[in-house]
2 protein chains.
Amino acid sequence: MGNIRATFRSQCDNGNAMDARIPSSNTESPWLPFESRRRARDEKREAVLRAAVQLFLEQGYHRATLNDVAKRLNITKPALYNYFRGKDEILFECWSIGHELVDECIAETSASAGSGLDKLRKLTIRYAELMTTDYGKSLVRFDLRDLSEHNRKTVQTAKRRIDRAFRDYIASGIADGSVKPCDPKLAAFAIAGSLNWIGHWFQPGGELTGRAVAEEFAIRLTDGIAKTTTRETTTRKAAVPAAEKAGKPPRKGNASREDGSEHHTRAAAGAAGQSKRSRGRLR
Amino acid sequence: MGNIRATFRSQCDNGNAMDARIPSSNTESPWLPFESRRRARDEKREAVLRAAVQLFLEQGYHRATLNDVAKRLNITKPALYNYFRGKDEILFECWSIGHELVDECIAETSASAGSGLDKLRKLTIRYAELMTTDYGKSLVRFDLRDLSEHNRKTVQTAKRRIDRAFRDYIASGIADGSVKPCDPKLAAFAIAGSLNWIGHWFQPGGELTGRAVAEEFAIRLTDGIAKTTTRETTTRKAAVPAAEKAGKPPRKGNASREDGSEHHTRAAAGAAGQSKRSRGRLR
DNA sequence: ACTATTTATTACCCGTGGGTAATATACGGG
DNA sequence: CCCGTATATTACCCACGGGTAATAAATAGT
């Protein structure tokens, strides 16, 4: 039955020519079928996450099995446990990467100059574009309840932080006169909801590029509350910065290390990278 | 272990006083603990659906088990199979009810007079309010991929119909001058996305009523594309019409009735009720 | 009352899939 | 060259939950 020895290699024929790191479906496996398996640990870890997030999005978290994930990487299920404590931790890490990317967007936006409306637009366009990527979709397509208690709290906190950013920009926009008076809470819900929904319908192969959707939405969503209706060409900048490697293995270990919560820095490229990633669960 | 004989009755102490039918979390079971179990078949069927949709929303489809559903109704799992062919069919029926409700909204809106913008606003407010109900949430919180091939197609078709309604109203609004020129497709995505997201965050117990959210969203979302910015008090009408009973049992039967697709009419109260519900799957 | 039909119950099956134990192979350093 | 560590494999466990078979209780009809 098993014995999937060589005979693979399958979809690993795109040679190289990739420098963009995180967001972009980077489908190649560091595990070449049966020989030459060395490579930095973190690259493998990230490869697992890339495969996992793709599968979770394609099939849904519950339908996608760890065997599926492993198969896509030319390895077997137990090998995954060298890098993660369990399925839900993989899910959490996908979520974490998404949140780091959002935090970068927020940090950059907050650091920039401009009115409240300017910032709202800037965040909107960045957030929208993020929603067209795999890790961005993670933020809205996965179910909080699949996480452990501890990790769920972490994610909830992060989500609140995002919501806060939208509200703050709107509120400051009202204060500086760039935004019409309105309830920041509901307005934020309306805008963020529309953006989040992108993660449900956007398909990378479609007629629309992520950038195009982002720009259109930025105009459409902010026009309703802007004091002066603008149809400007929005700011143009680089897509998303790369992520540099760091951190160390989770190690399950037979010596019961209870509640080991360690950190894994994934520095931002341009802005202040205070993005951490906590690991470990109690079980 | 088992032997859950009497000793129940639990949460069945709200006496009566219920007349509102479908949308409104109507938590009471026609199966009183162990005596007097008669009642029309369809009422039981609907009670199953009410319990199921609540549980699916609370816990998520995959975490909620049929035992959970049954327990909430004071019955046991196999009893559910008197009314449904399987778990995924229950899910589908929840979806179907939601779609019938949407179809009613669309039908009423289309039948009404007014500009494209008027219709867009009318649909928006109704749709938003629907998203605050259990069956409305079904439309956006459940996963298509949990359905059988056949049922999935049905739902997809229905979803396209909804999308079409939004686009058509926007397009006709552009034609009659009530809406600013824009891409109907993207504008519809933006509005519907925002509305759909309500189904993810709205909690009935919160500070906001469904009606309040609906009215605020109707203004907020259409202001961006309206030619004349209005802050009108939106139309006031009755919530949602009742549903009358009809149809007949699915019956699994040991005589293999392959591919039995029957219909179950659920007439609308005010508008033309062409809402059908197809049943059966191939397996 | 007896019987047929519907509707529920108890007891069970079994596929699936997350997770683990034991083990084999590669790698790196002294 | 050999040993320790990291990393992978094979083979297994077992809980969970959807679904079914056999059966019992209730209901309706005559």
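Per chain, numbering begins at 1; letters A, B, ... match sequence-line order. Note: hydrogens, waters and symmetry copies are ignored here, and every other heavy atom, side chains too, is used.
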* Under a 4.0 Å heavy-atom cut-off, which of residues 59-67 of chain A touch DNA chain C? ->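 Going residue by residue through residues 59-67 of chain A, the ones with a heavy atom under 4.0 Å of DNA chain C turn out to be A/A64, A/T65, A/L66.
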
Among the nucleotides [options], which one has an atom lying closest to any side-chain atom of [X]?
X	options	answer
B/K44	D/dT9, C/dA8, C/dT9	C/dA8
A/Y81	C/dA8, C/dT10, C/dT20	C/dT20
B/R41	D/dA11, D/dG18, C/dT7	C/dT7

Rounded to whole Å, how long is the line connecting atom [atom1] of [X] with atom [atom2] of [N]?
X	N	atom1	atom2	value
A/K87	C/dT20	NZ	C1'	17 Å
B/K71	C/dT9	NZ	P	12 Å
A/N74	D/dT9	CG	C1'	14 Å
B/D68	D/dC16	CG	C1'	12 Å
A/L55	C/dG17	CG	P	13 Å
B/I75	D/dA26	CD1	C1'	16 Å
B/D88	D/dG17	CG	P	17 Å
A/E89	C/dG18	CD	P	15 Å

* Could you give me the CA-CA distance, side-chain angles and deciding distance for A/Y61 and A/D88, then say whether side-chain contact (heavy atoms from CB on, under 4.5 Å) is met? => CA-CA 9 Å; A/Y61 177 71; A/D88 64 316; 3.7 Å; yes

* No-hydrogen, no-angle side-chain donor-acceptor test under 3.5 Å, A/D143 and B/H62 ->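 No.
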
* Classify the side-chain pair B/T154/B/N151 by whether it contains a donor and acceptor separated by less than 3.5 Å. =>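 Distance-only check fails for B/T154 and B/N151.
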
* **Any donor-acceptor N/O pair under 3.5 Å between D/dG18 base and B/K77 side chain** =>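 Pair found.
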
* To do: Look at A/Y83 and D/dA8 and indicate whether a side-chain polar atom (N or O) is within less than 4.0 Å of OP1 or OP2.
  =>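 Answer yes for this pair, as a side-chain N or O of A/Y83 is under 4.0 Å from OP1 or OP2.
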
* If every non-hydrogen atom of A/R161 is compared with every non-hydrogen atom of A/D103, which pair is closest and at what distance? ->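 Heavy-atom minimum between the residues: NH2-OD2, 2.7 Å.
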
* Where B/K159 and B/L139 come nearest, the two heavy atoms and their spacing ->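 Here B/K159 and B/L139 meet closest at NZ-O, 2.9 Å.
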
* Just wondering, do B/L49 and B/Y83 contact through their side chains at under 4.5 Å, heavy atoms? ->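 The answer is no; the side chains never approach within 4.5 Å.
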
* Is there side-chain contact between A/K137 and A/F56, with at least one heavy-atom pair below 4.5 Å? ->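 Answer no - side chains too far apart.
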
